[in-house]
**Student:** 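Here you go, one structure.
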Amino acid sequence: MSKKNLIVIGNGMVGHHFLEQFAASDAAGRFDITVFGEEKQLAYDRVHLSEYFTGSTHADLAMGTAEWYAEQGIELRLNEQVTEIDRENKVVSTPQGTYHYDELVLATGSYPFVPPIEGREHPACFVYRTLEDLDAIRASAQEGKTGVVVGGGLLGLEAANALKSLGLDAHVVEFAPRLMPVQLDDDGGAVLRHKIEELGVQVHTEKATTAIIKGEEARLRMNFSDDSHLETDLIVFSAGIRPQDTLARQCGLDIGERGGIVIDNQCATSDPHIHAIGECALWNQRIFGLVAPGYTMARTLSSALNEDKDAAFTGADMSTKLKLLGVDVGSIGDAHGQTPGARNIRYNDEQAGHYRRMVVSSDGKKLLGAILVGDNSYYDTLLQYALNGIDLPENAESLILPESQGGAPALGPDALPETASICSCHNVTKGDICGAIDAGCTDLGGVKGETKASTGCGGCAALLKNVVDSELEKRGVEVSKDICEHFPYSRQELFHLVQVNGIRSFRSLIRQHGKGHGCDICKPAVGSILATCWNDHILASDHVPLQDTNDTFMANMQKNGTYSIVPRVPGGEITPDKLIVLGQVAKEYDLYTKITGGQRVDLFGATLSQLPEIWEKLIAAGFETGHAYGKSLRTVKSCVGSTWCRYGVQDSVGMAIHLENRYKGLRAPHKIKLAVSGCTRECAEAQSKDIGVIATDKGWNLYVCGNGGMRPRHADLFATDLSDEELIRTIDRVLMFYVRTADRLQRTSVWMENLEGGLDYLKQVVLEDSLGIGEELEQHMEEIVGTYQCEWKTAVEDPEKRKRFREFVNAPEKKDPVQEWTTERDQRRPVLESA
Amino acid sequence: MKARTRWDVVCSVSDLVPDSGVAVWTEDGPVAVFYVPDRLPALFAISHTDPFSGSNVLARGITGDLKGEPVVASPLYKQHFSLRSGQCLEDESVKVTVYPVLLDGDQIRLQVPVAQAEVAA
Ligand SMILES: Cc1cc2nc3c(=O)[nH]c(=O)nc-3n(C[C@H](O)[C@H](O)[C@H](O)COP(=O)(O)OP(=O)(O)OC[C@H]3O[C@@H](n4cnc5c(N)ncnc54)[C@H](O)[C@@H]3O)c2cc1C
Ligand code: HEM
Ligand code: SF4
Ligand code: SF4
Ligand code: FES
């Protein structure tokens, strides 16, 4: 039987999600799949589009890869717009050709509405929807000073923020009397306006633009109906979206009165072989301008095409919470109280800029909707009441009162029903989470991996953690943080014990606070804590037995028991003379030589007893240890930066060297990697590092808690346009806080995800000094920097320490008999397992 | 059949590192000698060869105890070996050779089998 053709028009967020779902289903085998995308790029995360202005690239935002499409056998035709659908012959046409379909999916999204204002075609007028739009805005902003956003809704405010980040004086012009007219009421809008003006964005409400003409001081002048005007260099229209239903109209499908392709509960249009999902679809007279409902449609359609009779789209929750220009805004359910008989409860603190409103049912029992401005910490609880129809407590107003005024504590996870939606991005309910735990997940990470919860927008992270912890406890799983059987403490608690009690050896720690003799888990952890607290030389005889062999012998053990040596090459900058020394030493000892991923050179195959001799030579040539063996700073990768690169705006190499020399030797719960790029092109891949620094023309942008390796994580933007001093102070604080509070073997990425409050909390601690420990952290770092010593230098100079490097203490000349070698590609390497 | 053995001096007390191991060369091959001052007895000797990799590395592992049993963790793949029996805690079928060890003045002696003049293969 030959395969049928499935064609998808539109390679946006929802179209891509559909293909992901469908490709993994049984029905996929029965179809040849082709997808058409009008944009040049593969589907990308439009929700995070604005990050394109703060350093993200298309690759960062991309939802999948061309390889993935190829592996699934999906033909991906980008930059090819479908111009016609012929339903009679079941073909679609593009400028490149015609294609037959058996089933057709429309995922064409929407387009920005531009009000019919005279002069709107001026080249300095833009919309805010695609990467290309943003490229154009960026280019235009370079020569401008002022920017206006037309439209004060969600997207408009986001666009205003983006204009601000491009260095423009930003204005928002709104036709309605308040900001975010759809989500907020007058009072909420007023509070939001006040907060946003404080941040330097000017808000003009009740302004109807009548014409855009040439300006006198700036490129453009906007004339308003009240005879006032505003001059600006560029205009971004954000006056709402319209469903992209052109093709559907052309081929005669049912269309709603105000646009949108009419679909039923299975996402079928008026033609049973044509389906529509995402923002172009109209269900029950409604368009859904958010991604989560689109994803639900995509899943529904995939199931329906797999002949699942129960698959149905039954509407979606349009609640949103977001941070606009640093201001919390939330809107839940029926925010405007349109349900007959609905009653309102309001809380308004103009001083603090906090506004909250609850819409409750006429009997006062159920929460129908809510509006929040200024503080979203009430959002999760209110959302759960509204979504799950949980009965309100008697004094319902306590839910929006500050705790100091008799506010109720947040709704405990226990009170949630099994059907409660915890993560709306991935449609995960409390029941799914319980299921994952019953199937063997024993921690937050496991549940995340199993259910995907909290891996979308991340908005549900705190709630998820609460549910997981409470469910684990219910099942009698003690959420144990004990490091191992010898200490009833977490690494962080041990750190405190050591520091507060001035404990300087493992022995006294285990005698006072633990039991037994220790093991390979707690010993290295304590070794690292002692090193951070007191920075003693790690070969001090008390510490030797605590270290992993790599730390003990200050080299990385390889599979045949020999070691590799990685001298530090700060920032990856090395003189020819030093490079020659590396070559000479490698040649003398027949060491296999390889360039590492960390911009330095790794020399493999040294025996234990050769290590001190080799290091003597390296030290004489000016090398220091690279700590490639330690849970400590590895490398600070850099691009060549402004000294050579024509794009560079700062000396990235200089900064990298400075940072590497500052933090070298710092002991941590796990290895730490840094990188510095000389401009936004990001050649040093800083956003995959624990600490990433990217130059701007005003200074440095700092990214934190990224990761490469097994579990890649994109670093988060932490602070922008820092001076050299600010940058170093901020990194000092982040690293020291990490070193003090992370668990054993926890990379910064996982540490941050597990911090209650996540990135925001970390920002508060570091940037706002909310715990009042900022100076202490800096001072502690200063002490560590001040007491740095190259441990190899100390070791080769001390005959007692050198004794440790004898292979056989009773036979110094004896060679290790199992090290067999062979030659490959002109270098020596170990013989692999013989049969 | 009983193999002939001999108590050989392998090193002195000053060669040992408390709570850690050193490797010595014996007629039976490389042996790891551990000194755990807080225990009685305080000396242990097991084969230096890690059975999982075939490399001579066990003396460079971290010592400690698991549920009271004195152990060393292989520095390569981190399996634990009992210092008393040589038993691998993670894999019942794997065991390393244990050598009787004693302190004689300030000398450490190991009981090692003496190579037989001829052994048919
Ligand atoms: C700046 C911004 C911020 C946002 N923030 C949020 C948020 O915080 N939360 C949230 O839930 N939602 C947010 N959204 C909305 C979210 O991005 C959309 O809901 C989502 O992208 C809709 O997905 P879609 O696949 O339906 O449409 P799209 O992602 O727009 O994809 C449609 C694709 O189809 C292509 N196409 C159209 N016609 C054709 C044709 N004839 N031939 C070939 N290709 C065609 C288009 O070029 C487009 O690439 C935001 C949107 C923007 C612009
Ligand atoms: C036995 C364990 C490991 C050893 C011996 C090891 C060793 C090394 C060494 C020597 C380097 C060169 C870095 C340098 O110049 O100092 C390196 C680089 C790297 N390692 Fe590992 N590694 C190990 C485990 C891991 C793990 C578990 C991960 C992932 C989580 C990882 C991810 C990386 C990455 C991403 C680089 C490249 C760094 C860069 O480009 O800056 N490694 N590793
Ligand atoms: S990041 Fe910028 S400065 Fe550095 S090499 Fe790339 S383009 Fe040049
Ligand atoms: S990726 Fe795997 S094989 Fe390669 S160096 Fe890292 S741990 Fe070894
Ligand atoms: S709600 Fe977006 S990740 Fe869970």
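All chains are named by letter (A, B, ...) in the order of the sequence lines, taking the proteins before the strands, and each is independently numbered beginning at 1. All values derive from a computational prediction rather than experimental measurement.
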**Student:** Going by atom types alone, do B/Thr5 and B/Gln111 pair a side-chain donor with an acceptor below 3.5 Å?
**Tutor:**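 Side chains of B/Thr5 and B/Gln111: pair found under 3.5 Å.
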**Student:** Counting only heavy atoms not in B/Glu92, do more than 12 sit closer than 6.0 Å to its CD atom?
**Tutor:**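 Incorrect, the count does not exceed 12.
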**Student:** Once you measure the plane-to-plane angle for A/Phe805 and A/Phe553, does it fall in the parallel (<30°), tilted (30-60°) or perpendicular (>60°) bin?
**Tutor:**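 Because their plane-to-plane angle is over 60°, the rings of A/Phe805 and A/Phe553 count as perpendicular.
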**Student:** Just to be sure I understand the criterion: a residue of residues 61-76 of chain B counts if one of its heavy atoms is under 4.5 Å from a heavy atom of chain A. Which ones qualify?
**Tutor:** B/Ile62, B/Thr63, B/Gly64, B/Asp65, B/Leu66, B/Lys67, B/Gly68, B/Ala73, B/Pro75, B/Leu76
**Student:** Distance-only, no hydrogens or angles: does the B/His80 side chain make a donor-acceptor pair with backbone N or O of B/Leu89 under 3.5 Å?
**Tutor:**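 Answer holds: no.
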**Student:** Ignoring hydrogens and angles, tell me if any N or O in the side chain of B/Thr49 forms a donor-acceptor pair with the backbone of B/Pro51 under 3.5 Å.
**Tutor:**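 No.
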**Student:** Do you know which of B/Val57, B/Thr26, B/Asn56, B/Val31 has the most heavy-atom pairs with chain A at a distance under 4.5 angstrom?
**Tutor:**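 Winner by heavy-atom pair count: B/Asn56.
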**Student:** Under a 3.5 Å cutoff, is there a donor and acceptor pairing between the side chains of A/Gln746 and A/His670?
**Tutor:**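 No.
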**Student:** Do the side chain of A/Gln827 and the main chain of A/Glu824 share a donor and acceptor less than 3.5 angstrom apart?
**Tutor:** no
**Student:** When only pairs under 4.5 Å are counted, which of B/Val22, B/Val9, B/Val10 shares the most heavy-atom pairs with chain A?
**Tutor:**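 Of B/Val22, B/Val9, B/Val10, B/Val10 has the most heavy-atom pairs under 4.5 Å with chain A.
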